[in-house]
Structures are given as structure tokens and as C-alpha cells.
Amino acid sequence: MPVPATVEEYLAALPEEARTALEQVRAAVLRGMPGATETIRYGMPAAVLGGRYGLHYAAWKRHAALYPVPVFDGDLEAEVAPHRSGKDAVHLPYRRPVPEDLVERVAAAVAARRA
């Protein structure tokens with residue numbers, strides 16, 4: 001499959017379960033990063049804030065994912081930790097509801113670090 005040119009093309013190519021979850025992730029990321037624009041980078045959607053890449057999000061066979069998610073301090077990291085996979089990836093399995101509030105807070109924390 002060719003690399004999609006837009007986020008809409010990326011989403012349109014996904015199976016329904018993955019598309020639904022990633023649309024929720026996308027909305028939460030954009031709420032957490034007001035003013036962010038979107039692009040495709042490394043073959044996946046990315047939110048760009050102030051000319052800097054904030055978060056990438058992608059759909060996989062069994063989960064949606066966010067990259068790179070830094071280690072946070074305190075309560076936010078305690079909430080993110082069960083979703084971590086590897087050093088800077090957060091996995092959100094399709095079999096569970098998307099934790100939109102958590103994704104939004106992660107995006108806001110990443111945006112604050114970019115400011």
C-alpha cells in the first residue's frame with residue numbers, strides 16, 4: 001500500500017474498528033494541542049505544534065498507538081504507565097474504550113514541553 005498523503009487517506013484505508021479508535025485518538029490529541037496542524041510523517045499521522053512535531057498516532061492490528069510519549073512526573077505517569085510499550089510508545093487496545101481524557105492530557109503535557 002502506498003504511503004497516504006493525508007490523515008484522511010490514512011484513516012480511510014483502515015478497517016472500521018481501527019478507524020473508529022484512531023478517530024477518537026486524533027480528536028483527543030487535537031483537543032490537547034490547540035492550534036496543532038496535521039501531517040503524515042514516517043507513514044503515520046503526526047500533530048505539529050509551532051513547527052515542531054508533537055505526537056504521532058497510528059493504527060495497528062490490535063491497538064492504536066501514540067509516539068513519542070516521554071516519561072512524565074507524578075500522577076500522569078502513573079496513569080500512562082499501564083499503557084506503555086517500550087521506551088516511548090503508548091498502546092491503546094481496541095478491545096477497550098479509548099481513554100480519550102488520558103490521551104488529551106498526554107497531548108497537553110507534550111505540548112507544554114514543546115512551549
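Small disclaimer: the values here were computed from a predicted structure and weren't measured.
- The shortest side-chain heavy-atom distance between Ser85 and Val90 does not fall under the 4.5 Å cut-off.
- For the salt bridge (charged side-chain N to carboxylate O under 4.0 Å, His left out) test, residues two or more places apart in sequence or in another chain that qualify with Glu79 are Arg105.
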Go through it in stages, so that I can follow the logic: the residues are His83 and Leu66, the test is side-chain contact (heavy atoms from CB on, under 4.5 Å), and I'd like the CA-CA distance, side-chain angles, deciding distance and then a yes or no. CA-CA 10 Å; His83 302 280; Leu66 296 170; over 6 Å; no

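- Within the model, atoms CE of Met44 and CH2 of Trp60 stand 5.5 Å from one another, a figure rounded to the nearest 0.5 Å.
- Taking the side chain as every heavy atom from C-beta outward, Leu92 and Tyr57 never approach each other to under 4.5 Å.
- Results of the side chain to side chain contact (heavy atoms under 4.5 Å, CB included) test with Val69 over Leu55, Val110, Val103 single out Leu55 as the only residue that passes.
- Contact between Ala28 and Ala107 at its shortest, heavy atoms only, is O-CB, 4.4 Å.
- Proximity of a side-chain donor or acceptor of Tyr67 to a complementary backbone N or O of Ala58 within less than 3.5 Å is not detected.
- Between Ala36 and Leu30 the shortest heavy-atom distance is CB-CD2, 4.2 Å.
- Residues near Val71 contribute nothing to a hydrophobic cluster around it, because no ILVMFWY side-chain heavy atom sits closer than 4.5 Å to its side chain.
- Inter-residue side-chain proximity for Val106 and Val80 is flagged as met; some heavy-atom pair is nearer than 4.5 Å.
- Closest approach of Arg113 and Pro70 over heavy atoms only: NH1-CB, 3.2 Å.
- Sorted by first and then second residue, the ring pair (Phe, Tyr, Trp, His ring centres under 6.0 Å) pairs involving residues 90-115 (not counting sequence neighbours) are His63-His91.
- One hydrophobic cluster, built from ILVMFWY side chains closer than 4.5 Å, cannot hold both Val29 and Tyr53; they sit in different ones.
- Listed by first and then second residue, the salt bridge (charged side-chain N to carboxylate O under 4.0 Å, His left out) pairs involving residues 62-77 are Glu77-Arg84 (not counting sequence neighbours).
- The stretch residues 96-115 participates, sequence neighbours left out, in no ring pair (Phe, Tyr, Trp, His ring centres under 6.0 Å) pair at all.
- With sequence neighbours left out, Thr6 forms a side-chain contact (heavy atoms from CB on, under 4.5 Å) with Glu8, Glu9.
- Distance check: Arg26 CZ to Leu11 CG gives 5.5 Å after rounding to the nearest 0.5 Å.
- The shortest non-hydrogen separation linking Ala109 to Leu76 is CB-CD2, 3.7 Å.
- Between Gly43 and Val3 the shortest heavy-atom distance is CA-CG1, 4.0 Å.
- Looking at every heavy atom in both residues, Met33 comes nearest to Gly54 through CE-CA, 3.7 Å.
- Note on Leu22 and Val48: separate hydrophobic clusters, where clusters join Ile, Leu, Val, Met, Phe, Trp and Tyr whose side-chain heavy atoms are under 4.5 Å apart, directly or indirectly.
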